[in-house]
Visitor: 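The structure follows.
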Amino acid sequence: MPPPLANHRILSNLNDAQRRAVSSNAATVAILAGPGSGKTHTLTSRVVWLIDHVGYRPEDVIVATFTVKAAREMKERIGKALGDGREKKIVLGNFHSIARRYLAAYGRKIGINQKFGIADDGDSRSLIARICKRKEVTLDPVAVRAWISKKKAKGNEVDAKPVGQKAIKTAGEKDLEECYNEYQAHLKKSNLLDFDDLLVRCVELLREFPSCVSNIQTVLIDEYQDTNGIQYELMKLFAQRHKRITIVGDPDQSIYGWRSAEIQNLWRMLKDFPGTDEISLEQNYRSLDAILKLSLLVIQQDKKRYQKALKPVHGRGSRPVLRRLKSASAEADWIVSEIRRVIMMSGSMLTFNDVAILLRSASLSRHVESALGKSGIAYRMVGGKKFYERLEIKAILDYLRVIYQPGNNDALARIINVPKRGVGDVTIKSLLEEAESSSLSVWTILTKHCRGDRTAKTKIPKPMEQRIAAGLTRPLDNIRRKMEEAAKPGGVAFGLVEIVEQLLAALNFQKHLQDTHPDDHEQRWANVEEFVTLAGDFVRDLNESSADELLPEIEGLEQSKEDEVLPRFLANVSLASDAQTGEGKENKPLVTISTIHAAKGLEWPVVFVPAVYNGSIPHMRSDDNDEERRLLYVAMTRAQSLLYLSCPLFSTNGNGERNQLSSFVEPVHRAFATKGPCFDRPVMLEIAKVLGRTLPTEDAVFKALPSMFNPEDNLFPVDPEESQEVPAGGAEGRTSHRDAPRAKRPRLSNMYGGQNAGEDVQWHRDYTTTMEAASSFTVLALPGFVSAGTHQAAITAANAAAVARQQAEQVKKLANRRPPNQKSILGFVKSTSSSSFDHTLLPSARNSVPAQTSVAPPQVTANPGQQAIPTSLATHKPAKGTLLSRPSRPAPAPDETPKGKAYPCFSSSPVKPDSIKPDPEEENDEPPPEPTRVAACLHSTTFTRPTLLTAGKGAGGLTRPSPVSKFGRTPIAPIDRLRKPFKPLTIKRP
DNA sequence: CTAGCTGCGATTTTT
DNA sequence: TCGCAGCTAG
């Protein structure tokens, strides 16, 4: 690094590696690093560096992120660093919105009608469903849609490599192609582009007209591990002039494989841009060490992954918790009690804002929401159900779309009978068909019919006709006319808000809601009002930052101007599906409930991950266990100071079926505490330190505690198995059919007895009660006195703790250190990349690969039957429909063989294993066995891919016939404040 | 042909 | 819990 640069302002708060990354002179820079290492910070700093120091104009820089939220945050951060509003000129956004901008400006060059709309998920789904139905093809619309999307998302370059069976077109494939063609034709006719089209067409545009990006000096990509093929191409095309690209990413956090994210893009990039400067960041600034260790224990089960160092800069922290509860609602109640406890015990140093509950699927939120609601804790829900998915909002949006694009038959069909106008399914279908055959839009058919210009073939009785004219065509025409007039010079302003308000009035929407939803029409109308506010905000934001979204002028290139508000509003709504990080306005602290996917890139001091059982994580409908594991890893690494996993023992919906602890957690469950830590002073101080906050004095904390406050996590049995109350629904049945050894909890003396003998699949609970004891029998809790039973418990706890610790130690050795031969992530990738492109080849191709690896794996005596196969990261996401051999249960953690006997090393420390005080025990432990395995080099045979015959064909897609005339959901986006939960927010009770 | 009622089923992740 | 399919009356 050139010394003179070192004192640049932006470099001052970076560590060495980050500084090197920020100021690298290489054309292409790849920064790959684990969670919490400041990737995004580094990226934003580099943007500032490139603009401020290197001197690129902001408008010549493209920054692409993966989500809207990330884009917004990045913009904010860059704005702060630049300090003068120049960030507004940067072409910054998620891929889709950047692509949309280019298409809006230059799309006509490739024959795109400038007034194109965006077909969202619901649109394409219902369209495909209709096509399938009409073709009477026995294809699952869902599969068809996935196939089409995949086809587009892949990009073209990959296709160049024929996969052999590609030539053989099976009957199914032919049908798919036909559906695809029809689908595209329909979109084209409606002047719509779907999400994938935005990218595909933008690639087309930039390929044919490179001049559109001739000004671009440099391109930066965040969350690179989640880019898919087409996005990769787009990235290259953005940078085609100067080929300067910076990417940041973390393979371990690749969780969008299902959306065709291709981890291969890592080495595609290295191949395409030799001389890339690779930088890895190893310091973790986010989390306490205990959290990192455990997260590594989980991710490290993936034997093929690249091992990265994660060096904690913070203290050890208390042991993360794995809590078992009786049911999902008990789990939710426990979460609530624990949230309360943490906040109280921190003397309100922590607030609800510091807490996140991360879910595998949004549908899991129900219990949590109601528990929070019951206890009066306000929360926001991110991801999952969206504001715009509400019926009433969807309807308004569809009206707006029809106003903007009268030819949008699907939107029209959805609202033609909302409010009720006596138009039923049959009529709608007939109208759509007539539109199809007459190549008129439904709108045209209707207007002509009502005016008497042309009688519709569809039967439209007079009363129906009148209602349509009075309630639909005339009001919308009125609105359109006003918009046109307003656009003329001197016209009366008729903005977005006015449009919506006039629309609501014309439809008598409030009355409509009262009629159709007598129970909750107030709430729904409130949503509508909220929507109006949002529209107002949008307009205001648009005016404030008019430079936003505008591409720089390029000499000799004419842009189509996009000055209408409505289309931009609609596009915004379709593309921006994230809640705004709305801490700004209301100051009421909110607990965050989020899907794990939506939580990527974020962090919270306290994180709960409920429902950690097989079927949830890994999800039963997922075909990629490794990705599910990474998902859990992402969730865990969001936590800064406290991490809680939990698992309801019995599923709620079914007949009290037993849940099985997630197989990602099961092998390492011993490393967790079984209940929340004791928040004594040292623990809290450490938390305060990580967060950079000041802990109130002990006195203050104590005084603020309610009189009946329970300072321990002991409101719920640590072993729900032995609790008296039995979960509702067949107590007897269950006790009897439950496996015998579990019915009675093993005695303490039997602690490790059953360990080796036929470890039953279910969770071994023997040690837990004592582990639990370990965390509550703190010195504070039991000053100087220990009963015999307690003592016994403590001993066993110590033993368990020792085992866990040893395990952890081992893993640290194994996973938290990069093997010496693994120089960097990119080195790793390089060494295996030669094989990576062949990952789809048949087993025969495999054997040649290891020889090519430049970084030779240490010779490990492979188990017979264990076949060395390329450590291709690519295999992590098999093509849909590929027959994989059943993904194996994760192998037990290496050498995780609990000895059949207690450890002899019990000392005084185990009573407080979570203490941050240096734990002599840890150091004194006998040295862990040498690592016996270099993870990168070997793995079990479970990843053989027998054949590709069915790849990509939507094979087996015959299940789940999907309803046809369902009007698709229309995920349009919340623009703001979507975090409103379904249920009304409850206010904190006294 | 539409609208309302009832009983059943089912539930990833996102641009 | 919600949403959808199927049925029946008007």
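Here is the naming used below: chain letters follow the sequence lines, and residue numbers restart at 1 for every chain.
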Visitor: Given that A/M464 and A/H597 both sit by DNA chain B, which one's nearest nucleotide is further toward the 5' end?
Guide: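 Closer to the 5' end of DNA chain B: A/M464.
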Visitor: Would you mind telling me which of B/dT14, B/dT2, B/dT12 lies closest to the side-chain atoms of A/W258?
Guide: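 Of B/dT14, B/dT2, B/dT12, B/dT14 is nearest to the side chain of A/W258.
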Visitor: Could you work out, with salt bridge (Lys or Arg N to Asp or Glu O under 4.0 Å) as the rule, every residue matching A/E331, not counting sequence neighbours?
Guide: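 Here no residue qualifies.
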Visitor: A/S616 near the nucleic acid: base, sugar-phosphate alone, or nothing, with a heavy-atom cut-off under 4.0 Å?
Guide: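 A/S616: no heavy atom of the nucleic acid under 4.0 Å.
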Visitor: Respond yes when some side-chain nitrogen or oxygen of A/T427 is under 4.0 Å from OP1 or OP2 of B/dT2, and no when none is.
Guide: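 Affirmative; the distance criterion is met.
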Visitor: Quickly work out the A/R524 CZ to C/dC2 C1' distance and round it to whole Å.
Guide: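 Distance, rounded to whole Å: 11 Å.
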Visitor: Using a cut-off of less than 4.0 Å, is there contact between a side-chain N or O of A/N417 and OP1 or OP2 of B/dA3?
Guide: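 Answer yes for this pair, as a side-chain N or O of A/N417 is under 4.0 Å from OP1 or OP2.
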Visitor: At 4.0 Å (heavy atoms only), tell me whether A/Y256 reaches a base, stays on the sugar-phosphate, or touches nothing.
Guide: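 Contact class for A/Y256: sugar-phosphate only.
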Visitor: So does A/R360 reach the base of B/dT13 with its side chain, donor to acceptor, closer than 3.5 Å?
Guide: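 In this structure, the two groups form a donor-acceptor pair.
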Visitor: Roughly how many Å is it from CZ in A/R366 to C1' in B/dT11, rounded to a whole number?
Guide: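 Computing the A/R366:CZ to B/dT11:C1' distance gives 9 Å.
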Visitor: Between A/K462 (NZ) and B/dC1 (C1'), how many Å, whole number?
Guide: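 Roughly 19 Å, once rounded to whole Å.
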Visitor: Specify the separation, in whole Å, of atom NZ of A/K150 and atom C1' of B/dT13.
Guide: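 Answer to the nearest Å: 13 Å.
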Visitor: Between A/D196 and A/K420, who's closer to the 5' end of DNA chain B by nearest nucleotide?
Guide: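 Here A/K420 is the residue nearer the 5' end.
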Visitor: Under 4.0 Å: is that the gap between some side-chain N or O of A/T595 and OP1 or OP2 of B/dT12?
Guide: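 Checking A/T595 against B/dT12: no side-chain N or O falls below 4.0 Å of OP1 or OP2.
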Visitor: Please report, rounded to the nearest Å, how far the C1' atom of C/dG3 is from the CZ atom of A/R125.
Guide: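 My rounded result for the distance is 14 Å.
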Visitor: Please report the distance, rounded to the nearest Å, between CG in A/D121 and P in B/dT13.
Guide: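 Answer to the nearest Å: 11 Å.
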Visitor: Does A/S126 use its side chain to pair, donor to acceptor, with the backbone of A/G122 at less than 3.5 Å?
Guide: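 The answer is yes, because a donor-acceptor pair under 3.5 Å joins these two groups.
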Visitor: Taking C/dG6 as the reference, what is the distance to B/dT11 when you measure between their P atoms (whole Å, please)?
Guide: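 Comparing P positions in B/dT11 and C/dG6 gives a spacing of 16 Å.
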Visitor: Expressed in angstrom and rounded to an integer, what is the separation of A/R259 atom CZ from B/dT13 atom C1'?
Guide: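 It works out to 10 Å between those atoms.
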Visitor: Keeping the roles fixed (side chain from A/N228, backbone from A/Q231), state whether a donor-acceptor pair exists under 3.5 Å.
Guide: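 The answer is yes, because a donor-acceptor pair under 3.5 Å joins these two groups.
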Visitor: If you measure only the distance, is there a donor-acceptor pair under 3.5 Å linking the side chains of A/K152 and A/Q184?
Guide: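 Their side chains do contain a donor-acceptor pair, which is all the 3.5 Å distance test asks for.
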Visitor: Taking CZ from A/R390 and P from C/dG3, how many angstroms apart are they, rounded to a whole number?
Guide: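 Going from CZ in A/R390 over to P in C/dG3 covers 11 Å.
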Visitor: For A/D252, run the salt bridge (charged side-chain N to carboxylate O under 4.0 Å, His left out) check against A/R305, A/R630, A/R629 and tell me which one passes.
Guide: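 Looking at A/R305, A/R630, A/R629, the match for A/D252 under the salt bridge (charged side-chain N to carboxylate O under 4.0 Å, His left out) is A/R305.
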